[in-house]
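Structure record follows, encoded as structure tokens.
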Amino acid sequence: MAPKKRTTQPVSKTVPPASAPGSLFDTASDPAPRQPDNTRAPRPFIGIQFKCCSTYGRIYRNHEANAYAGNCPRCGKRVNVPIRHGGGSARFFSAG
């Protein structure tokens, strides 16, 4: 079987003038990507070494901002650390 003969057609090289309506419209451009909204402050926490199960976990400040409360990640034992005026600067503790 003989190969098919390819025919080419001339391509128009005309460019519309800049003053023509719609000549500045670029269909290939995308709008600028939205930047993520990272304005939310990180939630305060303290680290706890749970002696009951030899595990580490974080406990977070409660909504009233008067204590850090949480559970052991393995056995679920409850921990509550009150926040006192003029408290310490330590961020890691042992419990249970």
Side-chain angles (χ1 to χ4, degrees):
M1 181 180 248
K4 290 186 179 183
K5 196 174 196 182
R6 295 182 105 181
T7 59
T8 58
Q9 295 182 3
V11 177
S12 174
K13 300 267 183 180
T14 60
V15 178
S19 62
S23 64
L24 299 178
F25 179 72
D26 183 8
T27 60
S29 67
D30 291 331
R34 283 189 66 194
Q35 296 297 324
D37 187 17
N38 293 337
T39 58
R40 188 170 69 171
R43 192 169 169 201
F45 70 90
I46 59 174
I48 299 287
Q49 176 68 39
F50 291 94
K51 293 180 184 177
C52 54
C53 297
S54 298
T55 58
Y56 169 81
R58 289 181 174 185
I59 60 173
Y60 293 91
R61 191 171 64 188
N62 64 9
H63 294 293
E64 293 83 27
N66 60 6
Y68 290 91
N71 301 326
C72 172
R74 187 170 289 164
C75 70
K77 184 175 181 179
R78 188 93 175 122
V79 175
N80 190 34
V81 179
I83 299 173
R84 296 191 182 114
H85 181 70
S89 62
R91 302 299 303 160
F92 299 97
F93 300 91
S94 294

Tell me the closest heavy-atom pair linking Ala69 and Arg78, and the distance in Å.
CB-NH2, 3.6 Å

So, do Tyr68 and Ile48 sit near enough that their side-chain heavy atoms are less than 4.5 Å apart?
no

From CG (Asn66) to CZ (Arg61), nearest 0.5 Å:
10.0 Å

Supply the atom-to-atom distance Ile46 CD1 to Arg91 CZ, rounded to the nearest 0.5 angstrom.
7.0 Å

First locate atom CZ of Phe50, then atom NZ of Lys77, and finally report the distance between them rounded to the nearest 0.5 Å.
9.5 Å

Could you pull out the closest heavy-atom pair between Lys51 and Ser94, with the gap in Å?
CE-CB, 3.7 Å

Residues in side-chain hydrogen bond (donor to acceptor under 3.5 Å, both in side chains) contact with Arg58, at least two apart in sequence or another chain:
none

Going through the distances and angles, do Val79 and Phe93 end up as a side-chain contact (heavy atoms from CB on, under 4.5 Å)?
CA-CA 11 Å; Val79 175; Phe93 300 91; over 6 Å; no

List, one per line, each side-chain donor-acceptor pair under 3.5 Å for residues 80-87, sequence neighbours excluded.
none

